[in-house]
Amino acid sequence: MADEKYTANDIELLSELEGVRKRPGMYIGSTNLNGLHHLVWEIVDNAVDEAVNGFGKKITVTLMRDGSLTVEDEGRGVPVDIHKQSGIPAVQLIYTTLHSGGKFNSKNYKTSAGLHGVGATVTNALSEYLEVTVYREGKIHHIAFANGGHLTTPLEVLGPTTKHGTTVHFKPDPSIFPNTKFSYETISSRLEEKSYLLTGVHFVIKDQISGNTHDYYTEHGLREYVQTLTMDKTPMADIIDLNDTSNPIQVEIAMRWCVGDYGENIYSYANDVRTADGGTHETGFKGALTKIINDWATENELIKPNQSIDGSDIREGLTAVLSVKVPENKLEYEGQTKGKLGTPEATAVVSNALSNFMPYYLTENKDFAVALIKKCAQAKEAREAARKAREAARGTKKKVAEMIISDKLASAQSKDYKNNELFIVEGDSAGGSAKKGRDRSHQAILPLRGKPLNTHNVSNQEIIDNLEFSTLIQTIGAGFGDEFNPDASHYGKIIIMTDADTDGAHIQILLLTFFYNYMKPLIDRGMVYIAQPPLYRVFKKSDPKKRIYCWNDEELEKAKQKIGAGYGVNRYKGLGEMNEDELAMTTMNKESRVLCRVMIDDSLVTEKRIETLMGKDSAPRWNWIQENITFNEEDEFIKEVKN
Ligand code: TSJ
C-alpha cells in the first residue's frame, strides 16, 4: 500500500517538474538573462527568509569556475525528516513539488520574490544538476538531482558536523537557457539591495573566475540605502527616516531631497521584494506627503490658503525608500507580476505613519522646511513655464516645429498608428537609403544628424530646447516626461537603426537614455527596438547575385560552406554600404529583418548602469565599456543586449 502511494506521488512530482521545463516562461518570466537570474533569486530568497526569521547572519553566493553557482546560509538547515503524508523527506519535497514552500513555513512574513512563489523546485527543474547539503542536528545531510530535477542521490548522511545551515549548488540547464552565464553585476546589485532591507546580515558574493568579491552589510538599513542612492547628488539636508511597527503592517521610510535633481526616485518594497509599479503603500506615501507639505506650508503662511503645491512638484528631486512588511494573510498583488502591492490597508497605515511623524519634523527643522517649500514652489513655476513654452511651440511656434519635421521626417501614409513604425536612422546618407527602401504605407524615417544630447540629469527645458529631441517628441506625438501618454503614440514600434560600430553604439545608448528617462512606458510596453543590420555578405564570385547575409561569425562560416569554393565576403562597416534594396531586405522588411526588443530586466541595475554610462564621472563609464563591449581592430563590436 505504502509503495503504491509512493509511486503515484512520484509520477505526479515528475510531471510537475516536466511542466516547468515545458513552459519555463510561466514560472520565471522568460529564458533570457532575466529568467536565468530568477533561478538564483528563488534560492537566495529562501536563505533570506531564514535570516529574516532570525536564523543565520551570513549568506554567501559563489559564482563557480565551471559556471555553476552556490548559495550558502547559516540557518537551521532545511528539515530532513520524512513528510508523513507522502513518505518522502521534506527536503526532497521542497525541490520537487510546486507550492511546497508554505507547508514547511510557519513564519509571519513570506519574502519570496518568485513569480508565483514556487521556489526551489523551479530552479531544480531548470538545472543540469542541483545538490543540497544540510548541516543540521550534528549531521551533514546530502541529496542530489540532475537533468531537470530527477533524484540521482537519495538523501544520505555524509558524516558529523558542528555547523548548521543549508548549501545549494546548481548549474542551469543549457538546453533551456540560450545564455547560462551569471552576471556578477546583477547578482551583486541584488545582494546589495537585500542588505539594505535586512540589517545585520552579511551578503557575500564571490566570483571564482575574476576573483571579485564583496561583503554587503548594513546596520542602518534604509538610511544607508538612501545615502548610497544620493551619493553623487547634492543633498538639501540630512536623511529623514521613520520606522512604525505599531500595526500588523510595519512601515519603514527613509528619504531626502537633492538640489539640481529633477527626477522622482521612489523605491518601494513589500516584504523585501521591490514593487516597481508601486501600489497601495506608495499611494499612501505620496498622498500623505502632499497633504503634509501643503498643510504645513499653509499653516506657516508660506502659501496662500487657496493655493496648493502639486504632489509631483513636491517629489521633484526626492529620493525615498519605502518598505512595508505585510502579514502573509493580507499580502495581495495587483496584475500579473508581483510589481504592484494591492493590500488595501497599506495605504492608511503608511499615510498615518508619515502624518504622525513628519509635521513635527518640519516644525523642529524649520529652516529645512522653509527651503523645501521654496524648492517645491520653484518646481511648480518651472513646470508652468515649461507648459507655456510647449503651448507656445504648439501655437505660434508651431510652424517652425512643423518645418523641422517636414524637413527631416519621411512620414508614413497610414493612420493606423499601432501598425506604424518609426525608424530613427544614424546619418543623412543611410536616412536617404532608408527613405527609398521603406514600405511607405507604414514605415516612417527620421534621420539623425550627429550625436543626440546626453539627457541624463537635464531639465525638461533643455529637452524642449534641443532640436533633435523636440523633433522626436513631436514626431511621436504623445508628449514626454510625466505627461507622456503611450496610447497616443503615432507609432507602434520605434526602431533605432545605427551603424554597427562604436559611434552607433553610443547613439543607441543616448537615444535609450532619452526613452528611459522621458518615455519609459514605451520601453515597458516593448515598443522600442534596435535594428540589427547584417555584419557580412557572402557571395559567389562567379555569380555575385547569389548572396547570403550573415549576422554573426557562426552564420558566416555556414554561408561560406554553403556557397562553396569561390566565395567572396563583404564586411559591412556601416548602413551606408548597403544600397536601398539591401537595407530594406536585410534590416527593415518585416519578413526578413532581425529586430532586438529593448527590455528592462532589473530597473535597479538599469538605473545604476545609466548613471555609470551617462553620469558626470567618466572613469566608471570607461571601465564598463572595457568590460562589456568587445571591440576588434575594425571597430565592429559584439554586444550583449541586456537592458
Ligand atoms: F531555496 C532553497 F530551498 F533551495 C533553499 C532553502 C536554499 C538555501 C540556500 C537555503 C534554504 C533554507 C531553508 N535555509 N534555511 C531554511 N530553513 C528551513 O527550510 C527551515 C528550517 C527549520 C524549520 C523548523 O521549523 O525547524 C523550518 C524551516 C522552514
Side-chain angles (χ1 to χ4, degrees), residues 13 16-17 20 27-28 37-64 68-84 88-127 129-146 148-149 151 153 155 161 163-172 182 187 190-191 194 198 201-206 272-273 328:
L13 300 188
E16 272 197 333
L17 291 163
V20 176
Y27 300 91
I28 55 168
H37 288 90
H38 249 290
L39 304 186
V40 185
W41 313 147
E42 294 289 358
I43 302 298
V44 168
D45 286 344
N46 278 284
V48 171
D49 270 3
E50 186 73 359
V52 166
N53 287 308
F55 303 102
K57 294 260 165 263
K58 186 160 103 181
I59 293 169
T60 307
V61 177
T62 309
L63 282 74
M64 311 292 275
S68 63
L69 184 135
T70 300
V71 182
E72 192 181 342
D73 74 19
E74 297 180 349
R76 292 165 293 178
V78 178
V80 288
D81 45 321
I82 305 288
H83 182 241
K84 283 211 182 75
I88 297 172
V91 57
Q92 186 178 336
L93 282 179
I94 289 171
Y95 292 92
T96 50
T97 54
L98 299 171
H99 308 291
S100 62
K103 289 181 204 162
F104 306 97
N105 270 327
S106 53
K107 60 183 183 295
N108 294 324
Y109 299 117
K110 185 156 179 57
T111 61
S112 174
L115 221 50
H116 303 94
V118 287
T121 300
V122 170
T123 303
N124 192 19
L126 301 175
S127 289
Y129 63 77
L130 181 145
E131 60 169 336
V132 188
T133 312
V134 175
Y135 303 85
R136 188 177 164 95
E137 289 159 4
K139 291 185 191 127
I140 306 171
H141 309 263
H142 176 262
I143 187 168
F145 310 86
L151 183 66
T153 316
L155 187 63
T161 183
K163 288 206 306 186
H164 50 89
T166 304
T167 301
V168 173
H169 174 210
F170 71 97
K171 190 159 194 258
F182 291 118
I187 297 172
R190 178 67 69 107
L191 296 183
K194 294 280 179 200
L198 184 53
V201 174
H202 291 269
F203 289 85
V204 180
I205 180 164
K206 294 180 182 167
D272 299 340
V273 178
E328 206 173 343

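Order of listing sets the numbers, starting from 1, for every ligand and every atom in it. Worth knowing before you read on, the calculation uses all heavy atoms, side chains too, and leaves out hydrogens, waters and symmetry mates. All residue numbers refer to positions in the sequence shown, counting from 1. Keep in mind that this is a model prediction, so the values were computed, not measured.
- Of the options Val48, Val134, Asn46, the smallest heavy-atom separation from atom 5 (C) of ligand 1 is shown by Asn46.
- In terms of polar-atom proximity, defined here as any N/O pair under 3.5 Å, Asp73 does make such a contact with ligand 1.
- Leu39 pairs with exactly one of Leu130, Asn124, Thr123 by the side chain to side chain contact (heavy atoms under 4.5 Å, CB included) rule, that one being Thr123.
- Atoms CZ and CD, on Phe145 and Gln92 in that order, are 5.5 Å from each other to the nearest 0.5 Å.
- Arg76 pairs by the salt bridge (Lys or Arg N to Asp or Glu O under 4.0 Å) definition with Glu50, not counting sequence neighbours.
- Legend: residues meeting side chain to side chain donor-acceptor pair (under 3.5 Å) with His164, ordered by chain and number and at least two apart, are absent.
- Of the listed residues (Arg76, Glu42, His169), the one carrying the non-hydrogen atom nearest atom 25 (O) of ligand 1 is Arg76.
- In the vicinity of Ala120, heavy-atom distances shorter than 4.0 Å reach the ligand 1 atoms 1 (F), 2 (C), 3 (F), 4 (F).
- The two residues Leu155 and Val80 make their nearest non-hydrogen contact at CD2-O, 3.6 Å.
- For the pair Gly75 and ligand 1, no heavy-atom separation below 4.0 Å is found.
- The shell of residues lying under 4.0 angstrom from ligand 1, judged by heavy atoms, excludes Gly119.
- A heavy-atom separation below 4.0 Å is not found between Phe55 and ligand 1.
- Close approach of ligand 1 to Ile94 is summarised as follows: ligand atoms under 4.0 Å from at least one heavy atom of the residue are 3 (F).
- Between Glu50 and ligand 1, at least one pair of N/O atoms sits closer than 3.5 Å.
- Between the side chains of Thr153 and His142, not a single donor N or O lies within less than 3.5 Å of an accepting N or O.
- Which parts of ligand 1 touch Gly77 is read off a 4.0 Å heavy-atom cut-off, strictly below it: atoms 21 (C), 22 (C).
- For Lys194 and Phe203, the positive end is not near the middle of the six-membered ring at less than 6.0 Å and at most 45° from its axis.
- Here atom 13 (C) of ligand 1 lies nearest to Val78 when heavy atoms of Val122, Thr167, Val78 are compared.
- Nearest heavy atom pair, residue Val201 against residue Ala51, reads CG2-CB, 4.1 Å.
- Evaluated by nearest non-hydrogen atom to atom 26 (O) of ligand 1, the leading choice among Arg136, Glu74, Glu72 is Arg136.
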